[in-house]
Colleague: 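Structure below; questions to follow.
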Amino acid sequence: MLDRLAPLPRSFYARPVLTVARDAIGKIVVHASEEGIAAGRIVEAEAYRGPEDRAAHSAGGRRTRRTEAMWGAPGHAYLFLLYGMHWAFNLVTTAEGEPHAVLIRAIEPLPPLDLMCARRGLAANRRELTNGPGKVCAALGLDGRHYGMDLCTPRLFLASDGGTRRPRIGRSPRINVDYAGAWARRPWRFYERENRYVSVKPRD
DNA sequence: GAATAGATTGTCT
DNA sequence: GACAATCTATTCT
């Protein structure tokens, strides 16, 4: 099943970041590593749009070693370390020189589940498997080594599910960006309604 | 179910 | 030296 999936083209990422974030819901992330294959349906994602968006790492035009990937060409991976112990996975979007990215906050794991369960130390069908950005990276086996990786290769990519399931999409403010003032209240988080793997319960 | 504390490290001021 | 787009275990109710 998973081996029949083909990477979405770069044109998928080379669009406005809010469009990509919304369109990412229902897409499948695949990571094929030496350990094996792991994949899931994206059920929650957030858009970050520097330099004007004060919640983005690229806010105010910040361009450092850490944020460099955000400024690069669309269709690449931006990963960063949170709180010294969890990685977060983002899609670089829009165009080179525009530091926009989509944070993948939650996925619904797809079989085979054994590798993801082993990496998380949890039984299958536990929603804690992948209901948060750090958990997604742990389950998929993503970390700093994947920084800047091209998402249009068979190693790490997004794919369409072939339109088998049409997600009902909800919107809400982004999670844990209170420091960004008015920007924190923008509804730039997208999620699949009623999906049990969505991290923070939306109030809709 | 909600609230809280503690973990732990690369990056930037 | 402060801090971060978080997670987990624990301790409540």
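Order of the sequence lines sets the chain letters (A, B, ...), proteins ahead of strands, with each chain counted from 1.
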Colleague: Start at the 5' end of DNA chain C and walk down; is the nucleotide closest to A:Lys135 or to A:His57 reached first?
Modeller: A:His57
Colleague: Treat a base pair as Watson-Crick or G-U wobble with both distances under 3.5 Å, then lay out DNA chain B in dot-bracket form, 5' to 3', with | for cross-strand pairs.
Modeller: |||||||.||||.
Colleague: Less than 3.5 Å apart, which donor and acceptor atoms pair up between the side chains of residues 17-28 of chain A and the rest of the protein, not counting sequence neighbours?
Modeller:
residue : atom : partner : partner atom : Å
A:Asp23 : OD2  : A:Arg15 : NH1          : 3.4
A:Asp23 : OD2  : A:Arg15 : NH2          : 2.8
A:Lys27 : NZ   : A:Asp23 : O            : 3.2

Colleague: Hey, does the side chain of A:Arg127 reach the backbone of A:Val198 with a donor-acceptor pair shorter than 3.5 angstrom?
Modeller: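 Answer holds: yes.
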Colleague: Looking at every heavy atom in both A:Phe89 and A:Leu91, which two are closest together, and how far apart are they?
Modeller: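 Smallest heavy-atom distance, with atoms named: CZ-CD2, 3.9 Å.
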Colleague: Testing the 3.5 Å rule here: is there a donor-acceptor pair between the side chains of A:His57 and A:Tyr78?
Modeller: yes
Colleague: Give the minimum heavy-atom separation between A:Tyr147 and A:Glu68, together with the two atoms involved.
Modeller: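 Nearest pair, atom of A:Tyr147 first, then A:Glu68: OH-N, 3.4 Å.
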Colleague: Describe the nucleic acid contact of A:Ala88 in one word from base, sugar-phosphate, nothing, applying a heavy-atom distance below 4.0 Å.
Modeller: nothing
Colleague: Does the side chain of A:Asp161 come under 3.5 Å of the side chain of A:Thr164 through a donor N or O and an acceptor N or O?
Modeller: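 Yes, because at least one side-chain N or O of A:Asp161 sits under 3.5 Å from a partner of the opposite role on A:Thr164.
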Colleague: For a quick test of your reading: what N or O donor-acceptor pairs under 3.5 Å do the side chains of residues 106-117 of chain A make, sequence neighbours left out?
Modeller:
residue  : atom : partner  : partner atom : Å
A:Glu108 : OE1  : A:Arg41  : NH1          : 3.3
A:Glu108 : OE1  : A:Asn195 : ND2          : 2.9
A:Glu108 : OE2  : A:Arg165 : NH2          : 2.9

Colleague: At 4.0 Å (heavy atoms only), tell me whether A:Arg54 reaches a base, stays on the sugar-phosphate, or touches nothing.
Modeller: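 Nothing, no heavy atom under 4.0 Å.
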Colleague: Can you check each nucleotide of nucleotides 4-11 of chain B against protein heavy atoms at under 4.0 Å and return B for base, S for sugar-phosphate only, - for none, in 5' to 3' order?
Modeller: ---BBBSS
Colleague: So, does A:Thr94 use its side chain to make a donor-acceptor pair with the main chain of A:His100 at under 3.5 Å?
Modeller: no
Colleague: Could I get the full list of ring-ring contact (aromatic ring centres under 6.0 Å, His included) partners for A:His86, not counting sequence neighbours?
Modeller: none
Colleague: First contact, last contact: which nucleotides of DNA chain C are these for chain A, 5' to 3', heavy-atom distance under 4.0 Å?
Modeller: C:dA4 to C:dT8
Colleague: Please determine, by modelled atom types, if A:Ser172 and A:Arg189 share a side-chain donor-acceptor pair under 3.5 angstrom.
Modeller: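 Checked: A:Ser172/A:Arg189 side chains pair up, N/O donor to acceptor below 3.5 Å.
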